Amino acid sequence: MRLSRCLIPTLKETPAEAQIASHRLMLRAGLVRQTAAGIYAWLPAGLRVLNNIARIVREEQDAIGAQELLMPTIQPAELWRESGRYDGYGKEMLRIRDRHDRELLYGPTNEEMITDIFRQSVRSYRELPQSVYHIQWKFRDEVRPRFGVMRGREFLMKDAYSFDLDHPGAVRSYRQMMLAYMRTFQRLGLKAIPMQAETGPIGGDLSHEFIILAPTGESQVFYDAAFEAIDYSGGSFDHASDSDLARFTALMTTHYAATDEKHDAAAWQRVPEVDRREGRGIEVGHIFYFGTKYSASMGFAVAGPDGAPLHPEMGSYGIGVSRLVGGIIEASHDAQGIIWPDSVAPFRAVILNLKPGDAGCDRVCDELYGRLGTGVLYDDRADRAGVKFADADLMGHPWQIIVGPRGAAAGRVELKRRASGERADLTLDEALARLG
RNA sequence: CGGGGCGUGGCGCAGCCUGGUUAGCGCGCGUGUUUUGGGUACACGAGGCCGCCGGUUCGAAUCCGGCCGCCCCGACCA
């Protein structure tokens with residue numbers, strides 16, 4: 001895309017309301033604009049990031065056999081009365097009335113709705129196990145939204161639900177999902193650590209939070225650095241293999257990791273001092289096993305092998321997709337701006353035409369842009385070089401292809417890697433090859 | 001929900017305490033010149049219901065009351 005024709009409104013100065021790095025940078029790099037407390041519009045570059053994250057999340061969900069569907073944002077209050085959560089959820093739930101005075105709500109999560117869908121359609125044990133997920137906007141009327149998209153009221157969440165016939169099956173689903181989560185975070189360039197968690201209002205007795213370290217995190221966390229060395233990719237663990245899942249679970253549970261509520265000072269002392277990682281943590285995912293809490297309260301049963309009704313065992317699994325945008329920036333930025341991991345960058349590279357109007361620069365840039373396509377951004381603005389360098393660093397494109405008059409005349413460009421600052425003087429073909 | 005703060009061109013702010021002509025400054029934006037590898041310089045120009053409602057006053061951005069919005073600190077959450 002040509003930057004001169006893009007709605008990417010970068011800011012030189014930081015808006016007063018933005019306190020933390022990711023919020024400041026998201027506003028300055030033109031990714032989002034706030035429309036109300038905790039509610040944001042996603043501008044083109046921001047949406048590209050959001051979609052890239054969603055794509056990776058989706059691929060990893062699909063890889064463990066979860067099926068994508070899409071449930072509505074608006075739900076009838078009736079469903080929540082059945083589970084008993086309508087009154088219990090409190091003021092965080094945004095309640096709405098339609099013209100017929102029927103009570104509705106903007107969904108903060110979807111356990112009730114998915115249970116309702118399953119009970120309408122699934123009758124036999126032969127149809128289970130199944131897992132489904134969707135990526136949908138949620139609304140939680142937080143008392144105090146803050147930190148930009150990290151703690152918004154409206155947010156994009158991937159939520160998945162598993163239905164199994166028995167406890168061992170549910171645990172297997174839980175472990176597969178945990179593996180999918182670790183793979184997802186690894187591909188996003190994040191060191192996310194699973195930690196034992198409280199189950200909160202969702203209920204159940206097995207739960208993990210996935211936490212990344214960031215100075216602006218909301219709780220104190222502790223973990224063993226051994227986690228950072230683990231490779232979760234398909235070559236290391238097969239999600240369909242019970243022995244691989246057991247080995248994976250053992251790794252996840254033997255190394256120390258805890259939030260401050262569950263912190264065990266004695267166990268912490270047994271972690272070698274050099275491996276102790278401690279700091280503020282941001283929760284980017286949360287998974288729960290809660291057995292028959294919803295299938296029983298909402299009357300979802302399938303016929304078992306003996307014909308007797310059986311309440312399926314359930315789990316639910318969330319990833320804060322929009323929060324991850326902020327989380328990744330918290331984990332990857334410097335004084336100049338964002339440093340996008342290649343996997344989520346809105347554009348894999350930017351072409352900087354340092355002198356639009358110069359025949360050589362224009363020719364080289366046009367050729368590069370033509371060959372690289374719309375996955376790159378072409379800074380064709382009639383601005384000074386300094387403005388373009390500053391904006392490119394701010395926006396955090398993984399690669400910068402710098403085209404100046406001297407180089408262009410010689411058929412050469414400079415390729416700069418945002419993360420390392422490394423620069424190389426190359427021919428066009430060499431630069432294109434380097435970009436892959 | 002307790003505590004604190006702030007609403008003045010797109011952004012960052014000053015002015016308010018001690019009411020008084022056309023409401024300022026920096027950045028950004030437009031035009032021209034300049035500059036041409038790290039947010040250049042000069043000139044000219046456009047752009048403001050001073051959050052909203054009411055009150056006090058000859059006169060309100062400024063004083064008083066109410067309301068709305070936003071931010072920060074704490075208790076709660078993907």
Side-chain angles (χ1 to χ4, degrees), chain A residues 9-20 23-24 27-28 30 33-39 53 57 89-93 107-110 135-160 181 192 197-202 207-212 216-219 259 261 281-288 316-327 336-337 352-358 361 379 381-394 400 402-408 413-414 416 421 423 425:
Chain A
T10 57
L11 299 173
K12 209 165 162 179
E13 289 177 277
T14 303
E17 73 269 16
Q19 298 297 314
I20 67 166
H23 191 194
R24 278 200 307 268
L27 291 170
R28 288 230 292 134
R33 284 296 181 264
Q34 184 173 22
T35 65
I39 302 179
I53 294 172
V57 168
Y89 217 92
K91 289 188 167 177
E92 286 202 353
M93 184 189 282
T109 177
N110 286 63
I135 298 175
Q136 176 65 292
W137 292 93
K138 303 292 187 292
F139 195 92
R140 294 184 190 171
D141 199 0
E142 300 280 347
V143 232
R144 193 188 153 204
R146 64 186 121 169
F147 303 147
V149 302
M150 302 274 283
R151 175 90 184 262
R153 290 193 293 173
E154 185 184 57
F155 56 96
L156 188 62
M157 181 164 96
K158 185 286 300 181
D159 41 322
Y181 273 39
E198 303 293 345
T199 54
I202 293 181
S207 177
H208 284 87
E209 300 180 326
F210 297 80
I211 293 192
I212 58 174
T216 46
E218 300 190 55
S219 56
T259 57
E261 304 123 44
I282 300 171
E283 183 182 352
V284 291
H286 202 153
I287 62 178
F288 306 85
S316 75
Y317 315 88
I319 289 181
V321 176
S322 50
R323 173 178 284 186
L324 276 168
V325 179
Q336 271 60 250
L352 300 184
N353 188 338
L354 296 191
K355 192 170 184 182
D358 174 271
C361 285
D379 191 345
R381 297 174 300 174
D383 276 299
R384 294 203 76 220
V387 172
K388 300 186 182 191
F389 288 131
D391 271 349
D393 286 347
L394 174 63
Q400 296 173 14
I402 301 162
V403 181
R406 283 192 302 276
V413 298
E414 186 177 331
K416 176 184 164 188
R423 295 156 182 274
D425 181 58

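Bear in mind the structure is a predicted one, so any value in this text is a computation, not a measurement. The basis for the numbers below is simple: all heavy atoms, side chains too, and nothing from hydrogens, waters or symmetry mates.
Residues A/Asp379 and A/Arg381 have side chains in contact (heavy-atom distance under 4.5 Å, counting atoms from C-beta outward).
On the C1' atoms, B/C52 is 7 Å away from B/C68, given to the nearest whole Å.
Shown here for A/Cys361 and A/Gly404, the closest heavy-atom pair between the two residues is SG-C, 3.4 Å.
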TODO: For each nucleotide in nucleotides 45-51 of chain B, reading 5' to 3', give B when a protein heavy atom comes within less than 4.0 Å of its base, S when such contact involves only the sugar-phosphate, and - otherwise.
DONE: -------

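Phosphate proximity of B/C73 to A/Arg144: present, with a side-chain N or O under 4.0 Å from OP1 or OP2. For the OP1/OP2 pair of B/C71 and a distance below 4.0 Å, the side-chain nitrogens and oxygens of A/Gln34 include at least one atom meeting the criterion. Using a 4.0 Å cut-off, some side-chain N or O of A/Lys91 falls inside it from OP1 or OP2 of B/C1. Of the side-chain N and O atoms in A/Lys12, one or more sit less than 4.0 angstrom from OP1 or OP2 of B/G28.
Using a 4.0 Å heavy-atom criterion, one finds that A/Asp393 contacts the bases of the nucleic acid, with or without backbone contacts as well. A/Arg153 comes within contact range of no nucleotide atom at all, as no heavy-atom separation falls under 4.0 Å. In this structure, A/Gly148 reaches neither bases nor backbone, as no heavy-atom distance under 4.0 Å exists between it and the strands shown.
Under the stacking criterion of a centre-to-centre distance below 5.5 angstrom and an interplanar angle below 30°, A/Phe389 is not stacked against the six-membered ring of B/G39.
A/Tyr181 and A/Phe210 have tilted rings, their planes meeting at an angle from 30° to 60° on a 0 to 90° scale.
In this structure A/Glu154 satisfies the salt bridge (charged side-chain N to carboxylate O under 4.0 Å, His left out) test with no other residue, sequence neighbours excluded. Under the rule for a side-chain contact (heavy atoms from CB on, under 4.5 Å), the partners of A/Phe389 that lie at least two apart in sequence or sit in another chain are A/Leu352, A/Leu354, A/Ala385, A/Ile402.
Looking at which nucleotide of RNA chain B each of A/Ala36 and A/Glu142 is closest to, the 5′-most match is held by A/Ala36.
Atoms CG and CE, on A/Leu324 and A/Met157 in that order, are 12.0 Å from each other to the nearest 0.5 Å.
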